[in-house]
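Just below is one structure, and these are the notes that go with it.
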Amino acid sequence: MWVPLDDNRFLCVAQARPTTAPTAHPEDVVGSEVDSEEHPQLRRARDESRICREEDPRWHLGVPVRRETIPVRLGNEVVAVLSRSTNLAVPRVPSPLEISYLGSAADLCQMVADGTFPAPEPSPDVHTSPRVGDGLIRLDPSGAVVFASPNALSAYHRMGHASDLVGVHLAPLTRSLIGDPFDATEVAQRIRQALDGQTSMRMEAESRRGAAVLFRALPLRPRGQAAGAIVLCRDVTEVRRRDRALMSKDATIREIHHRVKNNLQTVAALLRLQSRRLTNPEAKEALAESVRRVTSIALVHETLSMSVDERVDLDDVVDKVIPMMSDVAVTETQVSVRREGGFGIVPAEIATPLVMVLTELVQNAFEHAYAPGQRGEVVVHSERSAKYLDVTITDDGKGLPQGFSLERTDRLGLQIVRTLVDSELRGSLSLRRRPRGGTEAVLRVPLRGRR
């Protein structure tokens, strides 16, 4: 496709090569410019607004090439020019399939020159573009099949039509093969509308035998004269079966996450009941920590139960966990928690350990950085790049004790954190004093290689 520039020059903006024959242009032409002396038919097609085929074959890179140009019209204006180059170095006898394809292409090219193809559509669908594997059926003006490609025959055989299609009126045949009466009438109507010159959108229908087929009908009206229609069909039966299997599997996984969440909430409730019966402060504190950990995991499973791709919006989970930790700490301290930055979407495989690590580090700041009744603030800051998720948790408390070592600590929470960072997240963690007082925990989690 060539776009006209000033001074009778043309810029190539798109190029398509054949898939079943030698190409006439082994080099990439997109981005190159030619003038009317190098390619006079481009200017002639633009100025005369017609298809030009008069030029004699030319030699291009040692290959004889026949060129043809088609003006692309938008309303009454030629906005671009298509050039078709045919490699003449390999003479061969065209097959019936190729003859039918070339005839249909000639009609469509004439409609491009007329400005009637492609037709404007009220609600364009980005997934309606034809594919190489689509079955092609050429209809005459009466709606009878004059040619059907092997893929088209295969699709109709899958639907239940055992014989050939040539000579058969396609609309009533298709209607008889489709199971749903509404879809059957709709597909048949769209085929008839194409014969009357109306373009239709893609439609999927299922046959009585359970075969799923995509249909699209294109009118053929070169120079405004009825020349029949093209019906494109694609057998998507296996694709739909896989889609249904994936949907069933996805629904099962979400149901499992939902039940795990319910079971974890039940465990948390039982731990709370047990805590109320205890009088030992240490035992009550240990159960409270267990409730917090179980609840954090339950929040992740709750999010996964509503996800369709096993991915978690970690910002939503953290925003739910932070108030829960603040509520636990408010009885002994007056410390607030603030989140900065965004965690983004993470795979389910790292969501649970990451939330556990964050809650343990924040809870560790509550318990050890501040004296009872002391005011303070814990800040959870996150930055995300293409390779890593970097999280920094800072407090303005009393800082780490002298001789502290993360590897030698006997605190259960930090031992859990270290194990999760090493084994589940495959990341790194460091705890250090802040220059202005307080403690800073720096967590780095690699993201590359994750789903």
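Formation of a donor-acceptor pair under 3.5 Å by the Asp235 side chain with backbone atoms of Thr237 is found in this model. Panel note: side chain Lys261, backbone Ala298; no donor-acceptor pair is recorded below 3.5 Å. Between the Arg433 side chain and the Leu400 main chain, a donor and an acceptor come within less than 3.5 Å of each other. Under a 3.5 Å cut-off, the side chain of Ser100 and the backbone N or O of Pro96 do not form any donor-acceptor pair. In this structure, Arg418 contributes its side chain and Leu420 its backbone to no donor-acceptor pair below 3.5 Å. A donor-acceptor pair under 3.5 Å links the side-chain atoms of Ser382 to the main chain of Gly342, judged by distance alone. Between the side chain of Asp183 and the backbone N or O of Ala205, no donor-acceptor pair lies under 3.5 Å. Checked by atom type and distance alone, the side chain of Gln15 pairs as donor or acceptor with a backbone atom of Val29 at under 3.5 Å.
Ion pairing between Glu186 and Arg190 holds under the 4.0 Å rule for side-chain N and carboxylate O.
Each of Val346, Leu314, Ile350, Leu299 was compared with Val355 under the side chain to side chain contact (heavy atoms under 4.5 Å, CB included) criterion, and only Leu314 meets it.
At a threshold of 4.5 Å between non-hydrogen side-chain atoms, the residues Asn263 and Val267 do not count as touching. Using a 4.5 Å cut-off on side-chain heavy atoms (C-beta onward), Val337 and Phe366 make contact. At least one side-chain heavy atom of Leu354 sits less than 4.5 Å from a side-chain heavy atom of Leu443. Side-chain contact check for Leu136 versus Leu232: some heavy-atom pair is nearer than 4.5 Å. Side-chain contact between Ile178 and Met159 is present, with heavy atoms from C-beta onward closer than 4.5 Å. At least one side-chain heavy atom of Leu429 sits less than 4.5 Å from a side-chain heavy atom of Val417. The shortest distance between side-chain heavy atoms of Asp134 and Arg216 does not fall below 4.5 Å. Side chains of Arg67 and Val65 form a contact here, defined as non-hydrogen atoms less than 4.5 Å apart.
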**Message:** Test salt bridge (Lys or Arg N to Asp or Glu O under 4.0 Å) on Glu206 and Arg240; report intermediate values, then the result.
**Reply:** CA-CA 10 Å; Glu206 187 169 321; Arg240 294 297 170 260; over 6 Å; no

**Request:** Apply the test salt bridge (Lys or Arg N to Asp or Glu O under 4.0 Å) to residues Arg242 and Glu238: give CA-CA distance (whole Å), side-chain angles for both, the deciding distance (0.1 Å), then the verdict.
**Result:** CA-CA 6 Å; Arg242 289 195 295 267; Glu238 297 303 323; 5.1 Å; no

**Request:** Would you please test Asp395 and Tyr370 for side-chain contact (heavy atoms from CB on, under 4.5 Å) and show each step?
**Result:** CA-CA 9 Å; Asp395 63 66; Tyr370 302 96; 3.3 Å; yes

**Asked** Can Trp2 and Thr69 be said to form a side-chain contact (heavy atoms from CB on, under 4.5 Å), step by step?
**Response** CA-CA 10 Å; Trp2 302 87; Thr69 53; over 6 Å; no

**Prompt:** Going through the distances and angles, do Leu414 and Leu431 end up as a side-chain contact (heavy atoms from CB on, under 4.5 Å)?
**Reply:** CA-CA 10 Å; Leu414 291 181; Leu431 293 178; 4.3 Å; yes

**Request:** Evaluate salt bridge (Lys or Arg N to Asp or Glu O under 4.0 Å) for Glu360 paired with Arg292, printing each intermediate quantity in order.
**Result:** CA-CA 9 Å; Glu360 292 295 337; Arg292 172 177 50 78; 3.6 Å; yes

**Step-by-step side-chain contact (heavy atoms from CB on, under 4.5 Å) determination, Leu358 to Val321** = CA-CA 9 Å; Leu358 295 177; Val321 172; over 6 Å; no

**Request:** For Ser104 and Arg138, run side chain to side chain donor-acceptor pair (under 3.5 Å): C-alpha distance rounded to whole Å, both residues' side-chain angles, the deciding distance at 0.1 Å, then the answer.
**Result:** CA-CA 8 Å; Ser104 300; Arg138 175 70 186 259; 3.3 Å; yes

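The heavy-atom pair separating Ala188 from Arg175 by the smallest distance is CB-CB, 4.0 Å. Looking at every heavy atom in both residues, Leu97 comes nearest to Ser149 through CD1-CB, 4.2 Å. When every heavy atom of Asp315 is checked against every heavy atom of Phe343, the shortest pair comes out as OD1-N, 2.7 Å. The two residues Asp396 and Gly376 make their nearest non-hydrogen contact at OD1-CA, 3.6 Å. The two residues His161 and Leu173 come nearest to each other via the heavy atoms ND1-CD1, 3.5 Å. When all heavy atoms of Thr439 and Gly399 are compared, the pair lying nearest together is OG1-CA, 3.3 Å.
The structure places CG of Leu425 at 10.0 Å from CD of Glu349, a figure rounded to the nearest 0.5 Å. For the atom pair OG of Ser290 and CG of Leu271, the computed distance is 6.0 Å after rounding to the nearest 0.5 Å. Expressed to the nearest 0.5 Å, how far CG of Asp390 lies from OG1 of Thr392 amounts to 7.0 Å. Rounding to the nearest 0.5 angstrom, the gap separating the CD1 atom in Ile191 from the CG atom in Leu218 is 11.5 Å. Atom-to-atom distance recorded for Glu440:CD and His381:NE2 is 10.0 Å, nearest 0.5 angstrom. A distance of 9.5 Å separates SG in Cys233 from CG in Leu214, rounded to the nearest 0.5 Å.
The environment of Leu273 atom CG is dense: over 12 non-hydrogen atoms of other residues, nucleotides or ligands sit within 6.0 angstrom. Other residues, nucleotides and ligands contribute over 12 non-hydrogen atoms within 6.0 Å of the CZ atom of Arg158. The local environment of CZ in Arg434 is crowded, with over 12 non-hydrogen atoms from other residues, nucleotides or ligands closer than 6.0 Å. The neighbour count for Arg244 CZ, taken as heavy atoms of other residues, nucleotides or ligands under 6.0 Å away, is above 12.
Both tests pass for Arg444 against the ring of Tyr388: distance under 6.0 Å to the centre and angle within 45° of the axis.
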